[in-house]
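Scroll down for the structure; my scribbles are underneath it.
Start at 1 with the first residue, then count along the sequence. What you are looking at is a predicted structure, and each value in this text was computed from that prediction instead of being measured.
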Amino acid sequence: MTTTSPDGQPTARRPLPGQEGTPVQRAALAVMGVVAVVALSVAAVLADPSLVRTDAAGAGADDVGAASPSAPVSPTGRTTEVTVTVDGMAFTPARIEVPRGDALRITFTNTGDQRHDLVFGDTLGTPAIAPGASATVDVGVIGSDLEGWCSLPGHRQMGMTLQVVATGGPAAGSTGGTHEAAPSDDPEAPVPSAAQLQAAAASTEPHPAELPPLDDATVRRYTFTVTETVQAVAPGLTRAVWTYNGTSPGPLLHGRVGDTFEITLVNEGTMGHSIDFHAGELAPDEPMRTIEPGERLEYTFTADRAGVWMYHCSTMPMSQHIANGMFGAVVIEPAELDPVDRQFVLVQSEQYLGADGGPADASKAATTIPDIVTFNGRAFQYDAHPLTARVGERVRFWVLDAGPNAALSFHVVGGQFDTVWTEGAYSVRAGAGDGTTGATGAQTLPLLAAQGGFVEMVAPEAGHYPFVNHQMSLAEKGAHGVLAVQP
């Protein structure tokens, strides 16, 4: 840290590139007795507007407040300059001491592996910059303590905060001390009722649940394109979703033990993203690395073991990327799998609603108490659009718990499972259990986050058989559907 004499007069803040004419998203730091110093300079690499933070990349639930104005203070005429870098999901240094009355100029260099910004409230700070880039922000004359943070979704909650501590005597007319963040201008999104979620599901085409047939290929090639968009949740309420190929869950992959999967990941989003396939075994350093917008990578793995394997974005914070929709399933069939009449794939996931149109609320996700729980990305969709079978048909449900947090106790009301396979082994097969005598079965398929398996059943008579997460509060939040059995 160095202290220098100012070499020019403070200048008024100009809008950040890409924010001209838009509602401000960062409240200003006012300094009584001086003109607010907010001259923003960005390295040449940032001249491209595509590198500037956009609403999808950084707005929403994490912009939870603005720093309070500095306390009254007499300017010293000096400037304290400091360089801030990134270490993992933290700023370094994480605490800066500034003599009270000094102006503060911060050069932020992103030494991390994904985009970050450094903001002080809703209008003062840097744009989101790529790894290796730098930006400078003139914070103003420091009269009291204040806090900066990274405003990309979930990053502040992961610990990316910067404490600015005013040192020396108390400011004139002030007791000094830390100023609390002001409330957000954006109200928290209301949580829709079950009736509202059911109405939304009825008006929307359901996500396909049928397992596609398996062909004879041994090498399977896919392109996964990352996009960021907005999805209707209920009447009058939307949320930001980050997806592979435009859907959440992403593409369903299906293969046999020994098949090779060649994946091309293309990032068409506004921030860094990545992918992690649990179905493969390989060092994560290169294929699972975070790539910037406009970049792509090749990810090849061989499925050496059977299972219902999860894939997901592994960019930190993972809970945020998964909760925003970046997950899917890979079904690798066990050897000598018994034939069935119908097969469905159900992936449970949770939603933690932020502001309307914004990304998931990372603070809510940290509580592990979801607002909505879904099968295949939308609450109650298979109540409005039931899955179908006929009496006497054998039905297999492939089930994955994508999380990011909640467990799943999969149950079909009115049915029993005579076959249960989970995480690599049968516990019951065709009504016989290892070490048991006589007919046996199971009532649930219990799964923790990232676990998968399948169950089989035969409906004895026509009717409507609800399938649920038997953690009933989660079923009541949307993890509920119906298997309609015809004669």
Side-chain angles (χ1 to χ4, degrees), residues 43 45-46 48 50-51 53-54 56-58 85-92 108-117 127-134 150 152-155 157-160 220-228 241-245 248-251 253 260-304 309-330 359-360 362 402-404 449-450:
V45 68
L46 295 175
D48 182 352
S50 69
L51 298 181
R53 188 169 81 98
T54 66
T85 60
V86 175
D87 183 8
M89 294 296 284
F91 291 118
T92 182
F108 172 49
T109 299
N110 185 358
T111 54
D113 64 355
Q114 60 173 298
R115 286 176 181 249
H116 296 292
D117 62 15
I129 59 176
S134 296
C150 180
L152 272 73
H155 290 203
Q157 288 78 2
M158 288 285 292
M160 295 197 72
R220 305 180 184 278
R221 298 180 176 88
Y222 301 87
T223 296
F224 278 52
T225 302
V226 174
T227 58
E228 300 161 12
V241 288
W242 309 340
T243 68
Y244 298 112
N245 290 5
S248 180
L253 307 188
T260 296
F261 292 79
E262 297 179 356
I263 310 296
T264 300
L265 179 67
V266 181
N267 186 357
E268 293 185 358
T270 63
M271 68 191 84
H273 292 293
S274 58
I275 197 164
D276 171 5
F277 286 95
H278 292 194
E281 289 183 292
L282 70 173
D285 305 60
E286 287 299 315
M288 300 181 199
R289 71 184 187 276
T290 297
I291 61 173
E292 281 292 292
E295 294 183 347
R296 62 175 55 207
L297 63 75
E298 304 298 323
Y299 187 144
T300 299
F301 67 90
T302 298
D304 293 326
W309 303 97
M310 181 177 176
Y311 67 81
H312 60 92
C313 183
S314 57
T315 298
M316 298 295 285
M318 292 188 201
S319 59
Q320 184 78 10
H321 287 253
I322 295 170
N324 277 315
M326 301 190 76
F327 59 85
V330 180

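Asn267 places a side-chain N or O within donor-acceptor distance of the main-chain N or O of Met271, the cut-off being under 3.5 Å. Checking side-chain atoms of Asn110 against main-chain N and O of Ala133 turns up no donor-acceptor pair under 3.5 Å. Using modelled atom types, no side-chain atom of Gln320 and backbone atom of Pro317 make a donor-acceptor pair closer than 3.5 Å. A distance-only check finds no donor-acceptor pair linking the side chain of Thr225 to the backbone of Asn245 [under 3.5 Å].
In the model, Thr85 has no side-chain atom that pairs as donor or acceptor with a side-chain atom of Thr92 under 3.5 Å. With no hydrogens or angles considered, a side-chain donor-acceptor pair links Thr227 and Thr243 at under 3.5 Å. With no hydrogens or angles considered, no side-chain donor-acceptor pair links Thr264 and Thr223 at under 3.5 Å. Judged purely by distance below 3.5 Å, without hydrogens or angles, the side chains of Thr315 and Thr290 pair a donor atom with an acceptor atom. Side-chain contact annotation: His273 with Glu228, donor-acceptor N/O pair under 3.5 Å present.
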Stepwise side-chain contact (heavy atoms from CB on, under 4.5 Å) check, Arg115 with Leu152: CA-CA 8 Å; Arg115 286 176 181 249; Leu152 272 73; 4.1 Å; yes
Evaluate His312 against His321 for side chain to side chain donor-acceptor pair (under 3.5 Å), listing each step before the verdict. CA-CA 8 Å; His312 60 92; His321 287 253; over 6 Å; no
Given ring pair (Phe, Tyr, Trp, His ring centres under 6.0 Å), test Tyr299 with Phe224 step by step and report yes or no. CA-CA 10 Å; Tyr299 187 144; Phe224 278 52; 9.4 Å; no
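Contact detail for Glu292 and Ala130: the closest heavy-atom pair is OE1-CB, 3.4 Å. Minimum interatomic distance between Ser319 and Pro404 (heavy atoms only, all atoms of both residues): O-CG, 3.9 Å. When every heavy atom of Ser134 is checked against every heavy atom of Thr109, the shortest pair comes out as OG-OG1, 2.9 Å. When all heavy atoms are compared, the tightest approach of Ser274 to Arg289 is CB-O, 3.3 Å. Closest non-hydrogen pair, Pro359 versus Trp242, comes out as CB-CZ2, 4.0 Å. For the residue pair Ala279 and Val330, the shortest heavy atom distance occurs at CB-CG1, 4.0 Å.
Put simply, the side chain of Thr302 does not reach to within 4.5 Å of the side chain of Phe261, judged on heavy atoms. Counting heavy atoms from C-beta outward, Val86 and Met160 have side chains that approach closer than 4.5 Å. Counting only heavy atoms from C-beta outward, the side chains of Phe327 and Ser248 approach each other to under 4.5 Å. In this structure the side chain of His155 reaches within 4.5 angstrom of the side chain of Gln114, judged on heavy atoms. When side chains are defined from C-beta on, Val226 counts as touching Leu265, because their heavy atoms get closer than 4.5 Å.
Summarising the geometry, atom CE belonging to Met158 is positioned 4.5 Å from atom CE belonging to Met89; distances are rounded to the nearest 0.5 Å. For the atom pair CG (Asn324) and CE (Met326), the distance works out to 9.0 Å, reported to the nearest 0.5 Å. Rounded to the nearest 0.5 Å, atoms OG1 (Thr260) and CZ (Phe301) are 9.0 Å apart. One finds the CE atom of Met318 at 7.0 Å from the CG atom of Asp276 (value rounded to the nearest 0.5 Å). Rounded to the nearest 0.5 Å, atoms CZ (Phe108) and CD1 (Ile129) are 4.5 Å apart. Note that the SG atom of Cys150 and the CZ atom of Phe91 stand 5.0 Å from one another [nearest 0.5 Å].
Annotation: side chain to side chain donor-acceptor pair (under 3.5 Å) contacts of Arg221 (sequence neighbours excluded): Glu262.
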